[in-house]
Amino acid sequence: MKRRYDFTNRDIVSIRGFTREEIDYILEVSHSMEPLAERGSDMLRGKVLAELFFEPSTRTMLSFQTAMYKLGGNVIGFAEPGVSSVWKGESLADTVRVVENYSDVIVLRHPLEGAARLAAEYAKVPVINAGSGAEEHPTQALLDLYTILKHKGRIDGLSIILMGDLRYGRTVHSLAYALSLYDVDLHLVSPDLLKMRREVIEDIKDRIKVTEHTDLMEILPDADVLYVTRIQKERFPDLGEYEKVRGSYVIDLNVLKKAKDDLIVLHPLPRVDEIAVEVDSTSFAKYFEQTKNGVVVRMALLALVLGAIK
Amino acid sequence: MSKKTLRVSKIKDGTVIDHIARGRALDVIKILGIDGRSGGIVTIAMNVPSKKLGVKDMVKIEGRELNPEEVDKIALISPRATINIIRNYRVVEKQKVKLPSIVQGIIKCIKPSCISNSKKEPVKPKFYVVSENPLRLRCHYCNSILEEEDILKQF
């Protein structure tokens, strides 16, 4: 490893809080977790992770649990907004100040934007943001970068497409910011209604080349990575409008005929019909592997913030 | 009397807000909650020639001295304004408003789903100044950008 960073007790609230060097370090530590993910470890024995999920989640929650168990730690928490204290009207600030006495690290998912930042301001133990409103999902962005790096051997110099719901999809906000720390060409493809938020574009446009498109075919032939997100029907005030655009944002074998042979297709999941099932068995498809990479990246983050790796 | 003093006469006690950016006098009045239905005399001068700004606006408020929070609010929309506190026709205090790099507690985030708008939480809205002219702020909690019009709407 080139350089080490001490992440002990550090909150992982936003990808914006990281330098490129720190992200590179996290990705290196993630790589070193691969064998431990296979055989398990005692690295975090005696440590307790509290999962506070005020919004439903399957993958992220299970992924953090698996990461903690693989490192020998334990997990407590809840995964429903109707949980007693919340139902009684307890504030998030109070909840974290109680839960920090039971745990060594808090993983939080919350429907309000900025919730993880507020929780981190009140909690003495490190807080990891597992998704806050439509704003950020930093650990997903890190596992996306890890997957790209694993398959391409680099992130610099790549042509990367983010496609789908770029307005409300929190994973693409964090990922776009993370990618802007590298030397990439970033292409944003979405219907007009779901274009990337202006604050995200403002943040990244001075660092990297960003172009916006409504037609994927304009840029697919040169792309190295295609990151697909789901376009949700409920985002459209007019159903007719939704029906009109949805077909343009579905990836199938016919679309991929125009792509480079070594293109990789990623998706934060769950998928509905934006990637045809026929793509799953091709070498393009790396979206299920992303979830596996999520475990090693989260193992790395837990080990780092709990001071097991310095 | 010269034409100048006729236009903007001296006040006995109160505040003169000078060097307001052109066209912002009415916004300053709004920010200070002045509706003309109570309080002392309020004089508004617009498009006044100024050596410093070329053209400026001015507001004179009789019988009221601004507090620091009010000064901060003015800084948000007219960062070059000067505040003169007048007692017995004399300027006893003169200060330039200064837009701080962090604006806390004065305005709210525009995003309803931002945690800083939650009534349940012990949280004070906090913003970073991204640019002074045009004024743009970034929410500390949700990263939303507030434009000048978003800010003016709140007063």
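Naming convention: chains lettered A, B, ... in sequence-line order (proteins, then strands); numbering from 1 in each chain.
- Distance SG/B/Cys142 to CD/A/Glu199: 7.5 Å, rounded to 0.5 Å.
- Of all the listed residues (A/Pro111, A/Ser14, A/Gly114), the one sharing the greatest number of non-hydrogen pairs under 4.5 Å with chain B is A/Gly114.
- If you take CZ on A/Arg117 and NE2 on B/His140, they are separated by 5.5 Å, rounding to the nearest 0.5 Å.
- Minimum interatomic distance between B/Lys111 and A/Arg197 (heavy atoms only, all atoms of both residues): NZ-NH1, 2.6 Å.
- With hydrogens and angles left out, the side-chain atoms of B/Glu121 and A/Tyr122 include no donor and acceptor closer than 3.5 Å.
- With a 4.5 Å cut-off on non-hydrogen atoms, B/Ser118 touches chain A through its side chain but not through its backbone.
- Between the side chain of A/Glu113 and the backbone N or O of B/Ile115 there is no donor-acceptor pair closer than 3.5 Å.
- Remark: B/Lys126 does not engage A/Glu121 in a salt bridge, criterion side-chain N to carboxylate O under 4.0 Å.
- Heavy atoms of other residues, nucleotides or ligands lying less than 6.0 angstrom from OH of B/Tyr128 number more than 12.
- Looking at B/Glu147 and A/Arg198, a side-chain N of the basic residue comes within less than 4.0 Å of a carboxylate O on the acidic one, giving a salt bridge.
- The 12-atom threshold is not exceeded at CZ of B/Arg90, counting heavy atoms of other residues, nucleotides or ligands nearer than 6.0 Å.
- Surrounding CD1 of B/Ile41 are at most 12 heavy atoms belonging to other residues, nucleotides or ligands under 6.0 Å away.
- Neither the backbone nor the side chain of A/His173 has a heavy atom closer than 4.5 Å to any heavy atom of chain B.
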